[in-house]
Number of protein chains: 2
Amino acid sequence: MKMKSGVEQAICILAMLATQEDQKPLKSFVLSQRLQVSDSYLKKMVRKLVVAGLVESSASKEGGFSLAKPSSKMTMLDIFEAIEGKESAIHSSHLAEHVFFTNDSVIKKENEVLNIFYDAERLFKEKLNHFSLDDVLTSHDYEKKSFDWESIAREVN
Amino acid sequence: MKMKSGVEQAICILAMLATQEDQKPLKSFVLSQRLQVSDSYLKKMVRKLVVAGLVESSASKEGGFSLAKPSSKMTMLDIFEAIEGKESAIHSSHLAEHVFFTNDSVIKKENEVLNIFYDAERLFKEKLNHFSLDDVLTSHDYEKKSFDWESIAREVN
DNA sequence: TTGTCCATAGATAATTATTATCCAAGGGTT
DNA sequence: AACCCTTGGATAATAATTATCTATGGACAA
C-alpha cells in the first residue's frame, strides 16, 4: 500500500495556483517547468484536478489554470481523491468463500473483516478531510505570501 | 493506494491454521492447494508470517506450519504489517522544497502536510489494532469450528 | 475569419511494484 | 542415512504507475 506520488505533485500545483498573484491563470508550461516534468504530463495531472472541480482552465491566449474555489474550501481529502480516485484501497477477491466453504456464516465473517478495513480507511479519509489547503499554506502569524510565478519562470531561463 | 492482495491471503492462511484440529502443523502443500497458488509462492507468503512472529514452522516429516501464538493475541494490524511491511505508505520526494524555495518556513510547512498524512495513517493502523484474528473467527454464540484440513485436502483430490 | 496560443485527449513508452513460479540448498526427525 | 519438510535465490509474468509525444479542438484578438 503506497500513496501515489501524484498527490504530492498535486498539492504543489495547487499551492502554486493559490499563491499566484491576483489569481492570474498560470500556464501549464510554467507549472511543468517548476515541477520538472514534461508539459504533457503536467497537463494530465492538472486535468484530474479540473475534473475533480478543484481547478479551472481556460484555453485562450491569456488563459491557463487557476483555483476553482477558495483554498479554504479545498481539503486534503479532495486532493487525495482527485489523484487516487474515490474507490477504496481495499479489494477482496472473496478468497475466504473458496477456502472455507461458501455459506452464509463464512460470507458474514468475510464482510466483518472487510468492514474493519473499510472503517480504518474511513478514519484515514476523515482525518484528511479536517485540513484545508489554506490551513497548510497560511502561517500562524496570518502572513500569506504570493508570487508572480510566470516572471519567476522567465528568470530561471 | 491499494492494499496488497497478500493481506487477504494471509488472513485466510492464518484462519486455516487457527481452525486446524489440535493445532497440528499444516504442510505448505495443503495450504497452497486450498488457496490455489503454487506451493513455492505460498511458502514465500507464509515465510513473511514466520518472520513477523505469527507463524511457527518445523522442517521435519511431521512438520509444517502452525500459529506462533493464540489468535486472540494476533491483530489485524500484525497481519497487515507482516505482508505490507512496517514502512509508511506515505513517501515524500520533498518536491515542495524545490518548487518553492528551500528555506525553514517551506520545510516546516512541508512537514506539517506530511504529518497530516502520517496521522491519518496512524488512525488507520490503530483501527486495525483493535481487532484480533480471534475476534473475526469466533461467532457471537461462542461456537468455534475446527477442521482437519489435511484430510479435506485428500478428499478434494 | 484567420492566426495564435492555449487546454484536451489518445496512443504509447519506460519504469517500478506486485504476484507468481521453478529449482537448488539446508534442517530436523526417525 | 533417508525422508520430507522449509529456506532462499534467481527469474518470469503481469499489472500499475509515471511519464512522454503528437494530433485535435476551443477561445480570444486582430
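Quick caveat, the model's predicted, so the values are computed rather than measured. Lettering of chains follows the sequences in order, A, B, ..., and the numbering in each one begins at 1.
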Under a single-linkage rule joining Ile, Leu, Val, Met, Phe, Trp and Tyr whose side-chain heavy atoms are separated by less than 4.5 Å, which residues share a cluster with A/Ile107?
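None; A/Ile107 is a cluster of one.
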Apart from A/Leu123 itself, what residues make up its hydrophobic cluster when side-chain heavy atoms of I, L, V, M, F, W and Y under 4.5 Å apart count as a link, directly or indirectly?
B/Leu123
Taking side chain to side chain contact (heavy atoms under 4.5 Å, CB included) as the test, write out the residues that go with A/Ser40, two or more places apart.
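Counting only residues at least two positions away or on another chain, A/Ser40 forms a side chain to side chain contact (heavy atoms under 4.5 Å, CB included) with A/Ser38.
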What residues form a side chain to side chain donor-acceptor pair (under 3.5 Å) with B/Lys43, not counting sequence neighbours?
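B/Lys43 satisfies side chain to side chain donor-acceptor pair (under 3.5 Å) with B/Asp39 once adjacent residues are dropped.
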Across the strands shown, which category fits B/Ser40 at heavy-atom distances under 4.0 angstrom: base, sugar-phosphate, nothing?
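Base: the residue B/Ser40, judged by heavy atoms under 4.0 Å, touches a nucleobase.
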Please give me the minimum heavy-atom distance between A/Lys145 and B/Ser105, naming the atom from each residue.
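Scanning both residues, the minimum pair turns out to be NZ-OG, 4.0 Å.
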Determine the minimum heavy-atom distance between B/Ala10 and B/Leu49, stating which atoms define it.
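Nearest heavy atoms, B/Ala10 then B/Leu49: CB-CD2, 4.1 Å.
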To the nearest Å, how far apart are [X] [atom1] and [N] [atom2]?
X: A/Leu95; N: C/dA20; atom1: CG; atom2: P; value: 10 Å
X: A/Leu42; N: C/dA7; atom1: CG; atom2: C1'; value: 11 Å
X: A/Leu26; N: C/dC5; atom1: CG; atom2: C1'; value: 16 Å
X: A/Asp39; N: C/dC6; atom1: CG; atom2: P; value: 10 Å

Scan nucleotides 25-30 of chain C nucleotide by nucleotide, 5' to 3', and note B when protein non-hydrogen atoms come under 4.0 Å of the base, S if they reach only the sugar-phosphate, - if neither.
--BBS-
For DNA chain D, determine which residues of residues 1-18 of chain B have any heavy atom closer than 4.0 angstrom to one of its atoms, and list them numerically.
B/Lys2
Worked verdict on A/Arg34 versus A/Trp149 for side chain to side chain contact (heavy atoms under 4.5 Å, CB included):
CA-CA 9 Å; A/Arg34 198 94 203 124; A/Trp149 289 107; 3.5 Å; yes
Separation of A/Leu67 CG from A/Leu133 CG (nearest 0.5 Å)
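Reported value, rounded in 0.5 Å steps: 7.0 Å.
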Not counting sequence neighbours, list each pair that qualifies as a ring-ring contact (aromatic ring centres under 6.0 Å, His included) and has a residue in residues 41-79 of chain B.
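Those involving residues 41-79 of chain B do not exist here.
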Pairwise salt bridge (charged side-chain N to carboxylate O under 4.0 Å, His left out) hits with a residue in residues 73-85 of chain A, at least two apart:
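Listed once each, the pairs are A/Glu81-A/Lys86, A/Glu81-A/Lys125.
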What pairs of residues pass the side chain to side chain donor-acceptor pair (under 3.5 Å) test when at least one of them lies in residues 48-69 of chain B, not counting sequence neighbours?
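Residue pairs with at least one partner in residues 48-69 of chain B: there are none.
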Take atom CG in B/Asp104; do more than 12 heavy atoms of anything else shown fall under 6.0 Å from it?
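No, not enclosed.
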Under a 4.5 Å cut-off applied to non-hydrogen side-chain atoms, are A/Glu97 and A/His94 in contact?
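Yes, at least one pair of side-chain atoms sits under 4.5 Å.
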The correct set of residues in residues 77-90 of chain B placing a heavy atom under 4.0 Å from DNA chain C is none
Expected output is a numbered-order residue list: members of residues 43-51 of chain B with a heavy atom under 4.0 Å from any atom of DNA chain C. What is it?
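The answer is B/Lys44.
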Just the endpoints, please: which first and last nucleotides of DNA chain D, 5' to 3', lie under 4.0 Å from a heavy atom of chain B?
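Range of nucleotides touched by chain B: D/dC4 to D/dA16.
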Applying ring pair (Phe, Tyr, Trp, His ring centres under 6.0 Å) to B/Phe117 and A/Phe131, what does each step give before you reach the verdict?
CA-CA 10 Å; B/Phe117 284 88; A/Phe131 297 89; 9.4 Å; no
Checking side-chain polar atoms at under 3.5 Å, does A/Ser146 have a donor or acceptor matched by the opposite partner on A/Gln20?
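The criterion, which ignores hydrogens and geometry beyond distance, is not satisfied for A/Gln20 and A/Ser146.
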